Amino acid sequence: MASDGIVYLDHNATTPLSPRALAAMMPFLSGGFANPSSPSPEGEDSRRAVSESREKMAAFLGCRPPEIVFTGGGTEGNVTAILSALALSGDRREILSTPVEHPSVMQLLDRLGRQGYRVRFFPVDGDGCVDSRDLSGMAGSDTALIVMMWANNETGVLFPVEEAAAVGRSVGARVHSDAVAAAGKVPIDLATVGVDTLSLSGHKIYGPKGTGALFVRKGTPFEPLFPGSQERKRRSGTENVPGIAGMGEAAEESRSFLSSGSVRETGTLRDRLERSVLELFPGAFLNGKNSDGSRVPHVTNIGFSGMSGEKLLHRLVSAGIRASTGSACSTGSMEPSHVLLSMGLSREEALSSLRFSLGRQTTPGQIARTIDALVRAGRDLGLVAEGAAPGKGGAR
Ligand code: PMP
């Protein structure tokens, strides 16, 4: 795939496969094909790869290896966790969640609502946040499950998952968190945050697509979506050995990245891009809270008042810049983002918004190029004054 000269700022849609993850996969793509259940020396090699990956994943999340179930991605982890909790919740019929979850959760909740569950949402404010003080008032003896994402994939806003877990415990409800948009961007320590289940996706942490992990806390009753023997009877199907090996390596690499401090550099670049746009585009506004500790450091979601985000994005694409009008899963539908609408934006404001998600390889030069391309597009579309230029007004 030709990617020379492309500035890729769409890491929340997917990340490139890291060379280390690819190297970990190669032995199982080119020769090492044995089924991990096979009682042969070759089977032992595959088994060891799966087991080592489980250890890396557990170290990444601060849990124990047997608490990791390998899945086919974030979607499967979310669906499995939610359906398992409900299958084992007795007479309880209520599900509490946020209105800004990923479609893999929203659409399942919608279906469960039609099947008779009472689905209620914690309110989100204009910054896309849930106030932890609202949590306990809504949960009660009928609550079967609380579903709260760790970070929002469109705005990067972080949620009070620890508080939700405490509330869930206090009323005897299960708590699931979708950590797909948070993993590798902020530390996740399941020794201190008491959720029962948590999902993540390999292709958002520089691992392969079609891979994921579901954390299931020790002692949590569990009903598999795919009954059978693999993964301690929690997810049957022959293990995706190369995928699992690649994701484990990607998790290990993400752990080093998080502890190296480089994540701060990504935040600095994100802030530079954001400040420049807000300064240069009259009426531009930030979607999502901008204060320390309230967002993951690599995402910014900006509304360009009076402009179609789609149009602006086309200009950027022509200039070699890749970003997104919303979550990748809804691209093409031209429907405004349910996340932004839930935050109180009008349809037009939501459709004027673009998401930029930076990655480990994003450079200061690429951010400067993005700002230049945006300003040029803004001038062409009559949104930015002729004299405006990056750097004027100290935007850098
Ligand atoms: N949750 C969130 C927050 C996501 O961003 C995504 C991916 N767009 C998913 C779940 C689904 O993950 P996967 O693509 O691995 O099924």
Side-chain angles (χ1 to χ4, degrees), residues 8-17 21 57 60-61 68-83 97-110 124 128-130 147-159 161 164 176-186 188 195 197-215 225-226 235 237 240 243-244 246-248 250-251 254 287-288 295-296 298-301 322-333 335 337-340 342-343 355-359:
Y8 185 73
L9 300 181
D10 203 11
H11 290 80
N12 267 23
T14 194
T15 51
L17 185 65
M57 196 53 76
F60 179 49
L61 295 176
I68 296 293
V69 179
F70 290 119
T71 65
T75 300
E76 185 191 320
N78 287 338
V79 172
T80 305
I82 292 170
L83 294 182
S97 189
T98 81
V100 295
E101 300 290 315
H102 184 263
S104 60
V105 169
M106 292 308 289
Q107 290 181 21
L108 179 60
L109 295 185
D110 187 49
V124 289
C129 297
V130 167
V147 184
M148 181 178 280
M149 64 200 328
W150 201 288
N152 186 267
N153 48 305
E154 294 190 35
T155 61
V157 166
L158 291 162
F159 289 85
V161 176
H176 172 68
S177 184
D178 171 352
V180 169
K185 280 79 186 184
V186 288
I188 293 178
V195 294
T197 53
L198 174 137
S199 54
L200 60 80
S201 172
H203 76 101
K204 307 290 173 124
I205 60 165
Y206 300 82
K209 292 171 182 54
T211 64
L214 176 64
F215 158 79
L225 196 58
F226 307 149
R235 202 275 191 181
N240 171 3
I244 289 171
M247 181 174 58
S254 293
N287 297 316
R295 284 191 293 170
V296 290
H298 71 296
V299 181
T300 181
N301 190 314
R322 304 291 181 259
S324 164
T325 50
S327 74
C329 311
S330 60
T331 296
S333 69
E335 280 307 302
S337 143
H338 72 285
V339 173
L340 300 182
S342 297
M343 290 162 57
R355 176 187 72 188
F356 301 89
S357 44
L358 285 64

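Everything numeric in this text was worked out from a predicted model, so none of it was measured. We count ligands from 1, going down the list as the structure has it; atoms in each ligand are counted the same way. This chain uses plain numbering: 1 for the first residue, then up along the sequence.
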Are the side chain of Thr15 and the backbone N or O of His203 linked by a donor-acceptor pair below 3.5 Å? yes
Beyond-backbone contact of Thr155 with Met343, side-chain heavy atoms, under 4.5 angstrom: yes
Verify, without hydrogens or angle tests, whether Ser201 (side chain) and Gly73 (backbone) share a donor-acceptor contact under 3.5 angstrom. no
Could you work out, for atom 16 (O) of ligand 1, the closest of Thr75, Asn12, Thr71 by heavy-atom distance? Thr75
Please list, in number order, the atoms of ligand 1 under 4.0 Å from a heavy atom of Asp178. 1 (N), 2 (C), 3 (C), 10 (C)
Near Gly73, which atoms of ligand 1 are under 4.0 Å from a heavy atom of that residue? 15 (O)
Would you indicate which of His102, Glu76, Met149 comes nearest to atom 6 (C) of ligand 1 when only heavy atoms are counted? His102
I'd like to know whether ligand 1 has Lys209 as a neighbour, heavy-atom separation below 4.0 Å. no
Quick check against the 3.5 Å criterion: does Asn301 have a side-chain atom that pairs as donor or acceptor with the backbone of Glu154? yes
Within the 4.0 Å heavy-atom shell around Asn153, which atoms of ligand 1 are there? 3 (C), 5 (O)
Pairs of nitrogen or oxygen atoms closer than 3.5 Å, one from Gly74 and one from ligand 1: do any exist? yes
For His203, the atoms of ligand 1 under 4.0 Å from one of its heavy atoms are 13 (P), 14 (O), 15 (O)
Answer whether the closest heavy-atom distance between the side chains of Phe70 and Glu76 falls below 4.5 Å. no
Donor-acceptor pair, Glu101 side chain versus Met149 backbone, under 3.5 Å? yes
